[in-house]
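First comes the structure, then the notes that go with it.
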There are 2 protein chains.
Amino acid sequence: MSDKPTTIKEIAKILKISVSTVSRALNDHSSIGLTTKMRVKKLATELNYEPNQKAIQFLQGKSHIIGVILPELSESFFSTAISGIEDVAYKRNYTVLLAQSHDDADREKLLVEKMKTQRVDGLLVSVSKTTSTYEHFEMFKKLNIPVVFFDRIPPIKDIHYVASNLENGTYEAVNFLLKKGHRTIGMINGPTTLVASHERKEGYIKAMISNRLKFDPSLIVSCDLSETGTIDVMNTMLNHRRKPTAIVTFNDYVALFAMRYTRSLELEGIDFVSYANLPIINYMDYTPIASVEQFPYKQGKKAADILIDLINRPKNETGTEQAYFNVVVESELIVPTPK
Amino acid sequence: MSDKPTTIKEIAKILKISVSTVSRALNDHSSIGLTTKMRVKKLATELNYEPNQKAIQFLQGKSHIIGVILPELSESFFSTAISGIEDVAYKRNYTVLLAQSHDDADREKLLVEKMKTQRVDGLLVSVSKTTSTYEHFEMFKKLNIPVVFFDRIPPIKDIHYVASNLENGTYEAVNFLLKKGHRTIGMINGPTTLVASHERKEGYIKAMISNRLKFDPSLIVSCDLSETGTIDVMNTMLNHRRKPTAIVTFNDYVALFAMRYTRSLELEGIDFVSYANLPIINYMDYTPIASVEQFPYKQGKKAADILIDLINRPKNETGTEQAYFNVVVESELIVPTPK
DNA sequence: TAATTTTGCGCAAACGTTTGCTCAATGGTT
DNA sequence: AACCATTGAGCAAACGTTTGCGCAAAATTA
C-alpha cells in the first residue's frame with residue numbers, strides 16, 4: 001500500500017508533466033503557471049508527498065546536520081543548553097548530531113573525527129576540561145566548516161564563540177548584598193586559570209568601587225571547587241580578621257558545601273549568593289538567597305543561531321578578512337520571591 | 001586546496017580504473033584482486049578519503065537517523081537516558097535526531113510529523129504526560145518504520161517498549177524498611193492511571209506478604225505529585241490511626257516536599273525511601289535514606305539497541321505475525337553508604 | 001503583420017555510491 | 001587442442017531532486 005513514500009516522479013507521471021515542472025511548482029518557482037502549480041500542489045497533498053531530504057541534502061552537498069559536542073549531556077547546564085540548541089535547529093531545519101566527550105580529551109578528538117566523517121555542516125563545541133591541543137578544530141577551519149565554541153572556550157585566537165559574561169551578574173550580586181546592608185563580602189572563586197574566575201572578580205571589584213567601598217583582595221579566595229577545598233577556604237574566611245557576613249560562591253555545588261559546613265558549625269546568618277547551575281535548588285531546604293543566572297537555554301539558542309548563520313553565509317571570498325562572532329550573553333541576578 | 005572532500009571518482013581517475021572497482025575494493029568485495037585492493041586502499045588513505053554518507057544513505061534509502069522524542073531534555077532522567085541512547089547510536093553508526101515535546105501532546109504530534117519528513121529510520125519515544133491519542137504513532141507502523149517506546153509507555157497494544165519494572169525495586173525498598181524494624185510503612189503513590197503506580201503498589205504488597213504482615217490498603221495514597229498535593233496526602237498519613245514510621249514516595253521531588261513538610265512541623269524520625277531521579281540528591285542535607293534506581297542510562301541503551309535491531313531486521317514477510325519486544329529493566333534499591 | 005518579449009514547460013545533467021550484468025583473460029581439466 | 005571454470009575488472013543504471021539551458025506558444029510591442 002502506502003509502503004514507499006511518494007516521489008516527485010510519480011506526481012509527474014500522473015499529471016503527465018515533467019519532473020522539473022513538478023519540482024519547480026512545489027518550490028513556487030516563478031516560471032510555472034498558476035494552474036499547473038495548483039494542480040501539482042493539490043495532488044502532492046493528496047498523495048501525502050514529502051520531499052526526500054536525503055536526496056536534497058546529497059544533491060546540495062549539505063548534510064543539514066550540526067554536530068554538538070558537550071562534556072556531559074546529563075549535566076543540567078548542558079542539557080538545558082541542548083534544549084535551546086535543539087529548538088533552534090528544529091526551527092531552521094537542521095538535525096542535531098549529539099555527542100558527549102565525558103570530559104575526556106581523547107574521546108573528544110575521536111568525536112570530532114566522527115563528525116567530519118558524518119559531514120556535519122557545522123560544529124558546536126563546549127570543550128572538555130582536559131583538552132589542551134586544538135588541531136582537530138583547526139582542521140575543520142581548513143575544510144571550511146564553521147565551528148562555534150560555547151560556554152567553555154579554548155584559549156586560542158580567531159574563533160567564533162558564545163559565552164556568558166559573569167562580570168555584570170557578579171556586579172549585581174555584590175551590589176544586592178551591599179544594599180542588604182552587608183559590608184564584608186567574601187568570594188569563593190574558582191581556579192585562577194579560568195576566564196570565569198577573572199570575570200567574577202572584576203564584577204566584585206566594580207561593585208565595591210561603585211559603592212565607594214575599599215576593595216580587600218584577601219576576601220576573594222580561590223578554590224578547587226571540591227567539598228574539602230570548599231571547607232578549607234571557608235575556614236580561611238571564617239578566621240579572617242574581617243569575617244564576612246555574606247559570601248558569593250563560584251557555583252551551586254560550592255554554595256551547598258559551604259552552607260552545609262557553616263550549619264555543621266552551627267553558624268547562622270551568613271547570606272550566600274551563587275551561580276545557577278542547578279534547577280533542583282528550588283526543592284532544597286537551604287538555598288542561596290539569590291543566584292546569578294547564566295541562561296544556558298539562551299546561550300544554546302544563540303550559539304546554534306550563529307552556527308547556522310555561518311553555515312549559510314555567502315562563500316567567503318578568498319582574501320577577505322574573516323569576521324569572528326564573539327557573542328556575550330549577559331548574566332543576571334535572580335532573587336527568588338519568598339513563597 | 002583540500003576544500004572539497006575526496007570522492008571515489010578521483011581515486012578511480014588517478015588509478016585509471018573504474019569507479020565500481022574502487023568501490024568494491026574499498027568494500028573488500030571478493031571479485032577484486034589483492035593488488036588492486038591494496039593500491040586503492042593506499043591511495044584512499046593518502047587522499048584522506050571518506051565515503052559520503054549522504055550519498056550512501058540516499059542510495060540505500062536509509063537515513064541512518066533515529067528520532068528520539070522525549071518530554072524534557074533537561075530532566076536528569078531523560079538526559080541520562082539520552083546519554084545511553086547516544087552511546088549506542090554512535091557505536092552502531094546512527095545519528096540521533098533529538099526533539100523534546102515539553103510534555104505537550106500537540107507539539108509531540110508535530111514532532112512525529114517532522115520525524116517522518118526527515119525520514120528517520122526509527123523512532124524512540126517517551127510519550128508526553130498529556131498524550132491521549134496515538135494515531136500518529138500508528139502511521140509509522142504503516143510506513144514500516146519501527147517505533148520503540150521507552151519509560152513512558154502508552155496504553156496500547158502491539159508495541160515495542162523498554163520500561164523499568166518497579167515492582168521488585170519497591171519490594172526491596174519495603175523489605176529494607178521492614179528489616180530496619182518499621183512496621184507501619186506508608187506509600188505516596190502517583191496517579192492510579194500510571195502503570196508505574198500499579199507496579200509500586202504490587203511491590204509493596206508483595207513485600208508485606210512475604211514478611212507475613214497484613215497489608216493495609218489505606219496506607220497507600222495517591223498523589224498528583226505537586227507540592228500541595230504532597231502536603232495533603234502527608235496530612236492524611238500523619239492523621240492516620242496507624243501513623244507510618246516510614247514512607248515510600250513516588251519520586252525524589254515528592255520525597256523532598258514531604259520531608260520539608262515534616263521538618264516544618266518539627267516531626268522527626270520518619271524514614272523516607274524514594275525513586276532516584278535526581279543525581280543532585282548527593283549534595284543535599286536531608287535526603288531519603290535509600291532510593292530505587294531505575295538505570296536510565298541502561299534503559300536508553302537497551303531501547304536504542306532494540307530499535308536499531310528492528311531497523312535492520314530482515315523484511316518481515318507479509319502474513320507473518322510480528323513479534324513485539326517488551327523489555328523490562330529491573331530496578332534496584334540503592335542504600336547510600338554514610339560517609 | 002512582423003518582430004520581439006514574456007510565459008510556461010521540458011530535457012538532461014549532476015550529486016557519490018552501489019551493484020547486476022557483461023566480458024576478457026587466465027588457468028585447469030579432459 | 002578444445003572446453004569450461006574462475007578471476008578480475010568495467011559499463012551503466014539507479015536513488016530523488018534541483019537547475020541551467022533551450023524552445024515553443026502566447027502576449028506584447030512597433
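Hydrogens, waters and symmetry mates play no part in the numbers below; they use all other heavy atoms, side chains included. Residue numbering restarts at 1 for every chain, and letters A, B, ... go by the order of the sequence lines. The structure presented is a predicted model; accordingly, all values stated were derived computationally and were not measured.
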Original post:
Any side-chain heavy atom of A:Val148 within less than 4.5 Å of one from A:Phe325?
Top reply: no
Subject >> Length of the line joining B:His29:NE2 and D:dA9:C1', which is rounded to integer Å >> reply: 11 Å
Original post:
Looking at side-chain heavy atoms only, is the closest gap between A:Phe137 and A:Glu108 below 4.5 Å?
Top reply: yes
**OP:** For B:Asp309 and B:Arg92, run salt bridge (Lys or Arg N to Asp or Glu O under 4.0 Å): C-alpha distance rounded to whole Å, both residues' side-chain angles, the deciding distance at 0.1 Å, then the answer.
**Re:** CA-CA 10 Å; B:Asp309 285 347; B:Arg92 301 186 61 172; 2.9 Å; yes
Subject >> Any residue of residues 53-64 of chain A with a heavy atom less than 4.0 Å from an atom of DNA chain C >> reply: A:Phe58, A:Leu59
Original post:
Over how many whole Å does the gap from A:Ile32 atom CD1 to C:dG10 atom P extend?
Top reply: 8 Å
**OP:** Report the distance from atom CZ of A:Arg119 to atom P of C:dC15, rounded to the nearest whole Å.
**Re:** 14 Å
**OP:** Return the residues of residues 35-44 of chain A meeting this criterion: a heavy atom under 4.0 Å from some atom of DNA chain D. Order them by number, or give none.
**Re:** none
Original post:
Would you call A:Arg107 and A:Ser128 a side-chain contact if the rule is heavy atoms closer than 4.5 Å?
Top reply: no
Subject >> Protein-nucleotide distance (A:Ile11, atom CD1; D:dT17, atom C1'), rounded to Å >> reply: 12 Å
Original post:
Tell me the side-chain hydrogen bond (donor to acceptor under 3.5 Å, both in side chains) pairs involving residues 8-19 of chain A, sequence neighbours left out?
Top reply: A:Ser18-A:Ser20, A:Ser18-A:Thr21
**OP:** Check each residue of residues 12-24 of chain A for a non-hydrogen atom within less than 4.0 Å of any atom in DNA chain D, then write out the ones that pass by number, or none.
**Re:** A:Ser20, A:Ser23, A:Arg24
Original post:
So do the side chains of A:Lys301 and A:Phe295 get within less than 4.5 Å of each other, counting heavy atoms only?
Top reply: no
Subject >> Per A:Lys9 side chain, nearest of listed nucleotides D:dG8, C:dT17, D:dT17 >> reply: D:dT17
Original post:
Do B:Lys54 and B:Gln57 have a side chain donor and acceptor closer than 3.5 Å?
Top reply: yes
Subject >> Angle of first-five versus last-five pair axes in the helix from C:dT1-D:dA30 to C:dT30-D:dA1, to 10 degrees >> reply: 50°
Original post:
With side chains defined as the heavy atoms from C-beta onward, is the minimum distance between B:Ile159 and B:Pro154 less than 4.5 Å?
Top reply: yes
**OP:** Report the C-alpha separation of A:Lys42 and A:Glu46 in whole Å, then their side-chain angles, then the decisive distance to 0.1 Å, and conclude whether the salt bridge (Lys or Arg N to Asp or Glu O under 4.0 Å) test is met.
**Re:** CA-CA 6 Å; A:Lys42 182 151 170 291; A:Glu46 273 175 24; 3.3 Å; yes
Subject >> Whole-Å gap separating C1' (C:dT19) and CD1 (B:Ile8) >> reply: 12 Å
Subject >> Whole-Å distance separating the CG atom of A:Asn27 from the C1' atom of D:dT18 >> reply: 8 Å
**OP:** Can you run down the ring pair (Phe, Tyr, Trp, His ring centres under 6.0 Å) pairs that involve residues 16-69 of chain B, sequence neighbours left out, and say none if there aren't any?
**Re:** A:Phe58-B:Phe58, B:His64-B:Tyr94
**OP:** Identify which one of B:Ile85, B:Val96, B:Val147, B:Ile308 satisfies the side-chain contact (heavy atoms from CB on, under 4.5 Å) criterion when paired with B:Leu124.
**Re:** B:Ile85
